[in-house]
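The next block holds one structure in the form of structure tokens; read it before the comments.
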Amino acid sequence: MKEDTYKKGKKNIENANLEDYAKAARTFTWKDSRKYVDWTEGGLNAAYNAVDRHAQTWRKNKVALYWEDEAGNAKKYTFEELSLLSNQVGNVLKDFGVERGDRVFLFLPRIPELYFSFLGILKIGAIAGTLFSAFQEQALFDRLENSGAKVLLTTRELKPRVDAVKKKLPELKHILIVDEEPFAKSVENASDALRIAHTDPDDYAFMLYTSGTTGKPKGVVHSHRAILQEHMTAHWVLDLRDEDAYWCTADPGWVTGIAYEILGSWSNGVAALVYAGRFDPDRWYKLLDKYNISVWYTAPTAIRMLMAAGDSLIKKHNLSHLRHLCSVGEPLNPEAVRWSIKVFGMPFHDTWWQTETGAICIANYPSMDIKIGSMGKPVPGLTAAIVDDNGHELGVNKEGNIALKPKWPSMMHTIWRRPQKYKSYFTNGWYISGDRGMMDKDGYFWFIGRADDVIKTSGERVGPFEVESALVAHPSVVEAGVIGKPDTMRGEIIKAFVVLEKSVIEKTKTKPQLEKIKEELSLYVKKHLAGHAYPREIEFMDKLPKTRSGKIMRRILKAKELGLPIGDTSTLEDY
Ligand code: PRX
């Protein structure tokens, strides 16, 4: 491992929220975090901590949310406005019979309603679930059915996808259209006074579906207690301060958008930008400039795409307000860090965590030297280690599983309706993340890869099983095996190996015919599963490598794709 260190100067250290990482790592306990949040009459409500408590201080008229869409429409909301609007949504939901513990799902693009509705749900003690707006009917059905959602908030544009499956969802009682008159009017007419539910720290607050190697997506459930770690990491790692303008580019359909666009960031009282448009380098730089962004949290694929767009674009904009950059979601390659030092005068700080961990767990801190290519060190209060498959700690520079010592405040509480799945994460007193890594002699963690077949494409987590199921639902497909194929821009792309029906094979002999089928299959997955989870590459096979019990061996497909040795094939059927 060639080490290249970015040294932090005195100024970085003295100005950082976390001045002395080593001391905090030695002495901090989660009990100490309690004074950073507000326990109202013994309860802990994450949404109350994110906005309402600020509405009672000088921050009342401070802008919390700057919102802009692709067409250039812009809106802004103060902490008080977010507090009152979320109260109104809370009251509307109560009128629809929503009670504590009920699941209320949000299938919304990044519009302001998403943000204050999320908060309103938590404030009445219900559980908020977010659904990425690229999901199509199959993905929606799986998530809404498993969660037993009672109410769904969506838009006129997205509603037809829900309509296609709502008959099969008996627990879904109400579908509310946020951009239509009845809902908008009822929010407007609702009282803006709400008694916030005095939630216990362990009451469930929000849930998110995420993918593993096998089976349907898992409903990862988090409690209000998560706000403790979300607050502390937004303070220590993102280094948020009152004078900052902060931009997290994530979507609340994924965990980063919830933890660091709603809860942890607003809990620190920061003004945040939400951009509701697609990725576009020039537009992104314009936004950094226009909103005087000082702290920016984004993902490696976006950084690589900005690199590819060329440095001359940057010079057209005034980015002098930038002071701290962070990244999450996939490996941050050293070239991207070096590029950011060159063009922005500062490095991206890599952070590592997962939907299940609920908040940042391993990170680079503003005051700590960066070993470029490393994910940094565990958050104070947390114990991380590299362990073998039996949960025994390994020595330095040994490859193994990245593991965390339970419990930390933002650790998931359960997998919804699948307690066995939840249990399967733990071995010998460790939470096993599913990622492989290494720890060096100085305690820095290095990412190596996934231990399973989970795909990360443009930073988004996709389960191969969901894509395979979507493909085999197509009448021309007999079998499909799906892998993540390394890609210099997107980290990985989804590649599918497909066995076609005999009659289809007979009809499709020419190259254009085969290309046409590939296109049709990609489109089919895009339309039925999700706009982001379709295979960018498809290869037809006569048969797929399988175990004797009939399980497709993705490992072999991957080795074949990468031209690597196939490894142990003792469980393989004749192939
Ligand atoms: O494989 C790791 C990768 O993303 C996975 C978690 O994905 P998700 O639950 O969607 O949450 C993403 C945002 C918190 C991890 O198991 N991952 C996340 N951060 C990093 C990373 N891989 C390498 N480096 C990172 N910094």
Side-chain angles (χ1 to χ4, degrees), residues 138-139 141-142 145-146 209-220 356 387-391 399-401 415-428 432-436 449-457 461-485 492 494-505 521 524-525 528-529 533-535 537-575:
Q138 186 61 46
F141 173 74
D142 288 341
E145 185 205 41
N146 177 264
Y209 280 82
T210 195
S211 303
T213 298
T214 54
K216 297 275 185 192
K218 307 174 269 194
V220 173
E356 293 88 335
V387 305
D388 67 16
D389 291 346
N390 298 316
E399 176 180 339
N401 301 295
I415 299 289
W416 192 257
R417 291 180 178 163
R418 289 168 80 186
Q420 286 311 319
K421 195 79 193 171
Y422 174 72
K423 278 199 187 129
S424 72
Y425 279 89
F426 303 93
T427 302
N428 194 32
I432 311 286
S433 67
D435 284 351
R436 310 273 300 163
R450 283 292 302 184
D452 56 19
D453 299 331
V454 166
I455 300 166
K456 266 279 159 151
T457 178
R461 183 163 157 183
V462 175
F465 179 77
E466 271 190 281
V467 185
E468 288 162 2
S469 307
L471 282 166
V472 296
H474 189 282
S476 303
V477 176
V478 180
E479 283 181 330
V482 165
I483 62 159
K485 174 179 172 177
E492 288 183 317
I494 301 173
K495 168 147 192 180
F497 295 86
V498 169
V499 179
L500 289 173
E501 277 285 345
K502 249 208 188 95
S503 59
V504 180
I505 297 174
L521 294 181
Y524 185 82
V525 178
H528 289 88
L529 180 65
Y534 69 96
E537 260 184 45
I538 295 179
E539 186 174 327
F540 296 122
M541 312 262 286
D542 296 334
K543 65 194 272 196
L544 296 178
K546 279 194 241 147
T547 60
R548 286 194 198 101
S549 58
K551 228 176 86 188
I552 293 168
M553 294 186 83
R554 301 189 190 105
R555 178 172 64 79
I556 291 187
L557 291 171
K558 192 145 185 173
K560 173 184 151 359
E561 182 64 38
L562 303 181
L564 295 172
I566 283 176
D568 179 16
T569 53
S570 57
T571 56
L572 192 67
E573 67 161 17
D574 283 349
Y575 175 60

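The chain is numbered in sequence order, starting from 1. Just so you know, these numbers use all the heavy atoms, side chains as well, and skip hydrogens, waters and symmetry mates.
The closest side-chain donor-acceptor pair between N401 and D389 falls under 3.5 angstrom.
In this structure, CZ on R436 lies 11.0 Å from CG on D452, to the nearest 0.5 angstrom.
Remark: of the listed residues S469, P535, P464, P464 is the sole one forming a side chain to side chain contact (heavy atoms under 4.5 Å, CB included) with V482.
Y425 meets the ring pair (Phe, Tyr, Trp, His ring centres under 6.0 Å) test with Y431; sequence neighbours excluded. For the salt bridge (Lys or Arg N to Asp or Glu O under 4.0 Å) test, residues two or more places apart in sequence or in another chain that qualify with K216 are D142. Residues meeting the side-chain contact (heavy atoms from CB on, under 4.5 Å) test with D542, sequence neighbours left out: none. Partners of K485 according to the side-chain contact (heavy atoms from CB on, under 4.5 Å) rule, which considers only residues two or more places apart in sequence or in another chain, are I493, K495, E537, E561. Residues that satisfy the ring pair (Phe, Tyr, Trp, His ring centres under 6.0 Å) test with Y524, not counting sequence neighbours, are H474, H528. The salt bridge (Lys or Arg N to Asp or Glu O under 4.0 Å) search around R461 returns E356, not counting sequence neighbours.
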*asked:* Please evaluate residues V454 and T210 with respect to the criterion side chain to side chain contact (heavy atoms under 4.5 Å, CB included), reporting the C-alpha separation (whole Å), side-chain torsions for both, the decisive distance (0.1 Å), and the verdict.
replied: CA-CA 10 Å; V454 166; T210 195; over 6 Å; no
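Taking every heavy atom of both residues into account, A533 and V462 meet most closely at CB-CG1, 4.1 Å. Taking each heavy atom of L521 and F540 in turn, the nearest pair found is CD1-CE2, 4.1 Å.
Ion pairing between R450 and E492 fails under the 4.0 Å rule for side-chain N and carboxylate O.
Using a 4.5 Å cut-off on side-chain heavy atoms (C-beta onward), N428 and N390 make no contact.
K558 places a side-chain N or O within donor-acceptor distance of the main-chain N or O of G484, the cut-off being under 3.5 Å. Within the 3.5 Å criterion, the main-chain N or O of L500 finds no donor-acceptor partner in the side chain of S476.
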